[in-house]
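Here is the structure we will look at, set down as structure tokens.
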Amino acid sequence: EKLMYALILSGLAMQMIGNSRPASGAEHHISHLWEMSVINDPVDALHGEKVSVGLILTLEKYGKILECIESGRCQVNGSAELETELLKDTFDRKGLYEEVMEENGDSLLKSINQEQLAAQLRDIAAELKKLPKYTEMQKKLKAAGCMTSMEELNLPDIKELTLALSPYVRRRLTLMRISKLLELS
């Protein structure tokens, strides 16, 4: 019943907004990247299975951001440009570079006031604390019979490349994309 209610609400939210943004964040961008098969061979798994693994990767990354903010090791680094060389090297192999550049247009990161972002890091940390830790989510997903690792999807070790490229799959301002402005040490 709860699942059906959530699905109905997310469907209504998407209809009201006119796109999938209310129900599709960084975890979906990871799945879409793998479905494009530009950094991996085709994956024989359902979209939801890839989203499940994408959720784990996203929560793990967000946990690292939280840890760095709380320990004072997170700085806004000022790099708002698209990573055109990385995008060209990766997406041009499948003839998708122009499409990715068209999707992204001018960098969304240029619209962010970096001083304001730096001032908001503690607020971002407060929101990140509300999310479950990736290990907790992994246990819940495993208990439900879901996939939770890249190994289960038979993907090679492309985690870092996945995290670098996935924010460019859709023109959306997720924390995964904003993290490109952050220097985490």
Side-chain angles (χ1 to χ4, degrees), residues 7 10-11 13-65 76-112 114 117 124 131 134 137-138 141 146-184:
L7 289 170
S10 68
M14 288 187 288
Q15 186 175 15
M16 290 170 61
I17 298 297
N19 64 45
S20 63
R21 180 65 177 104
S24 173
E27 73 290 337
H28 275 79
H29 301 162
I30 289 171
S31 177
H32 293 309
L33 175 68
W34 292 335
E35 289 162 0
M36 295 169 84
S37 299
V38 293
I39 60 173
N40 54 276
D41 291 330
V43 177
D44 185 25
L46 299 172
H47 176 70
E49 292 172 321
K50 291 177 272 192
V51 169
S52 176
V53 175
L55 175 61
I56 298 302
L57 296 180
T58 300
L59 288 173
E60 183 179 9
K61 172 77 173 195
Y62 289 176
K64 287 178 184 176
I65 293 170
V76 177
N77 72 12
S79 176
E81 297 297 324
L82 292 173
E83 297 170 282
T84 52
E85 192 172 313
L86 174 64
L87 296 173
K88 186 166 184 57
D89 288 348
T90 306
F91 290 100
D92 214 24
R93 286 183 248 154
K94 290 270 187 163
L96 297 172
Y97 174 70
E98 295 299 325
E99 184 179 328
V100 168
M101 293 305 289
E102 185 177 319
E103 173 73 22
N104 284 277
D106 200 21
S107 176
L108 287 170
L109 297 179
K110 290 180 180 179
S111 67
I112 295 176
Q114 294 186 27
L117 175 61
I124 291 169
L131 298 175
Y134 83 94
M137 183 56 72
Q138 209 167 28
L141 289 171
C146 300
M147 291 189 179
T148 60
S149 72
M150 293 175 64
E151 293 80 22
E152 289 174 283
L153 294 174
N154 294 316
L155 284 168
D157 185 16
I158 53 172
K159 179 179 170 181
E160 294 308 316
L161 190 55
T162 294
L163 294 173
L165 291 168
S166 62
Y168 297 114
V169 171
R170 296 283 184 272
R171 184 172 174 79
R172 306 257 170 87
L173 195 54
T174 62
L175 181 57
M176 194 69 78
R177 175 136 357 178
I178 292 171
S179 73
K180 293 188 173 290
L181 291 175
L182 304 177
E183 185 177 313
L184 310 172

- Item | Closest contact, heavy atoms only, A164 versus E83 | O-OE1, 4.0 Å

- Message: Evaluate M36 against F91 for side-chain contact (heavy atoms from CB on, under 4.5 Å), listing each step before the verdict.
- Response: CA-CA 9 Å; M36 295 169 84; F91 290 100; 3.7 Å; yes

- Between T162 and L155, is any pair of side-chain heavy atoms under 4.5 Å apart? no

- Given side chains that start at C-beta, do those of M14 and P22 come closer than 4.5 Å, heavy atoms only? yes

- Message: Closer than 3.5 angstrom, by distance alone: can the side chain of Y62 be matched with the main-chain N or O of M176 as a donor-acceptor pair?
- Response: yes

- Query: Are R172 and N19 side-chain neighbours, meaning at least one heavy-atom pair lies under 4.5 Å?
  - Reply: yes

- Item | salt bridge (Lys or Arg N to Asp or Glu O under 4.0 Å) contacts in which one or both residues fall within residues 20-35, not counting sequence neighbours | E35-K50

- Query: Is there side-chain contact between T58 and L163, with heavy atoms separated by less than 4.5 Å?
  - Reply: no

- Is there side-chain contact between P167 and K180, with heavy atoms separated by less than 4.5 Å? yes

- Query: For R177, what residues pass the side-chain hydrogen bond (donor to acceptor under 3.5 Å, both in side chains) criterion, not counting sequence neighbours?
  - Reply: N104

- Under 4.5 Å between any side-chain heavy atoms of I30 and V169, yes or no? no

- Message: If I compare all heavy atoms of T174 with all of A26, which pair ends up nearest, and what's the gap?
- Response: CG2-N, 4.0 Å

- Step-by-step side-chain contact (heavy atoms from CB on, under 4.5 Å) determination, W34 to V53: CA-CA 11 Å; W34 292 335; V53 175; 3.7 Å; yes

- Message: Please give me the minimum heavy-atom distance between S179 and I65, naming the atom from each residue.
- Response: CB-CD1, 3.7 Å

- Message: The criterion is salt bridge (charged side-chain N to carboxylate O under 4.0 Å, His left out); which residues satisfy it with D92, sequence neighbours excluded?
- Response: K88

- Scan residues 36-58 for pairs that pass ring-ring contact (aromatic ring centres under 6.0 Å, His included), counting only residues two or more places apart or in two chains. H28-H47, H32-H47

- Looking only at non-hydrogen atoms, find the nearest pair between A80 and Q114 and report the distance. CB-NE2, 4.1 Å

- Message: Quick one about E152 and S149 (side-chain donor to acceptor, distance below 3.5 Å, no hydrogens or angles considered), yes or no?
- Response: yes

- Results of salt bridge (charged side-chain N to carboxylate O under 4.0 Å, His left out) for E151 - residues two or more places apart only: none

- Straight-line distance of L82 CG to L109 CG, nearest 0.5 Å: 7.5 Å

- Query: Going by atom types alone, do E103 and Y168 pair a side-chain donor with an acceptor below 3.5 Å?
  - Reply: no

- Message: For A23 versus S10, what's the shortest heavy-atom pair and its separation?
- Response: CB-CB, 4.0 Å

- Does some side-chain heavy atom of L173 sit less than 4.5 Å from a side-chain heavy atom of I112? yes

- If we only count heavy atoms from C-beta on, is the S79 to E183 side-chain gap below 4.5 Å? no

- Name the one of N40, D157, I56, L57 that satisfies side chain to side chain contact (heavy atoms under 4.5 Å, CB included) with M150? L57

- Any donor and acceptor pair, going by atom type alone, linking the side chain of S52 with main-chain N or O of M147 inside 3.5 Å? yes

- Item | Gap separating the NZ atom of K94 from the CD1 atom of I39, nearest 0.5 angstrom | 11.5 Å

- Where K110 and D106 come nearest, the two heavy atoms and their spacing: NZ-OD1, 3.1 Å

- Task: For K61, check side-chain hydrogen bond (donor to acceptor under 3.5 Å, both in side chains) against everything at least two apart and list the hits.
- Result: none

- Item | Residue pair L117, I178: steps toward the side-chain contact (heavy atoms from CB on, under 4.5 Å) verdict | CA-CA 9 Å; L117 175 61; I178 292 171; 4.1 Å; yes

- Item | Audit row: L141, L55, side-chain contact (heavy atoms from CB on, under 4.5 Å) steps and yes/no | CA-CA 10 Å; L141 289 171; L55 175 61; 4.3 Å; yes

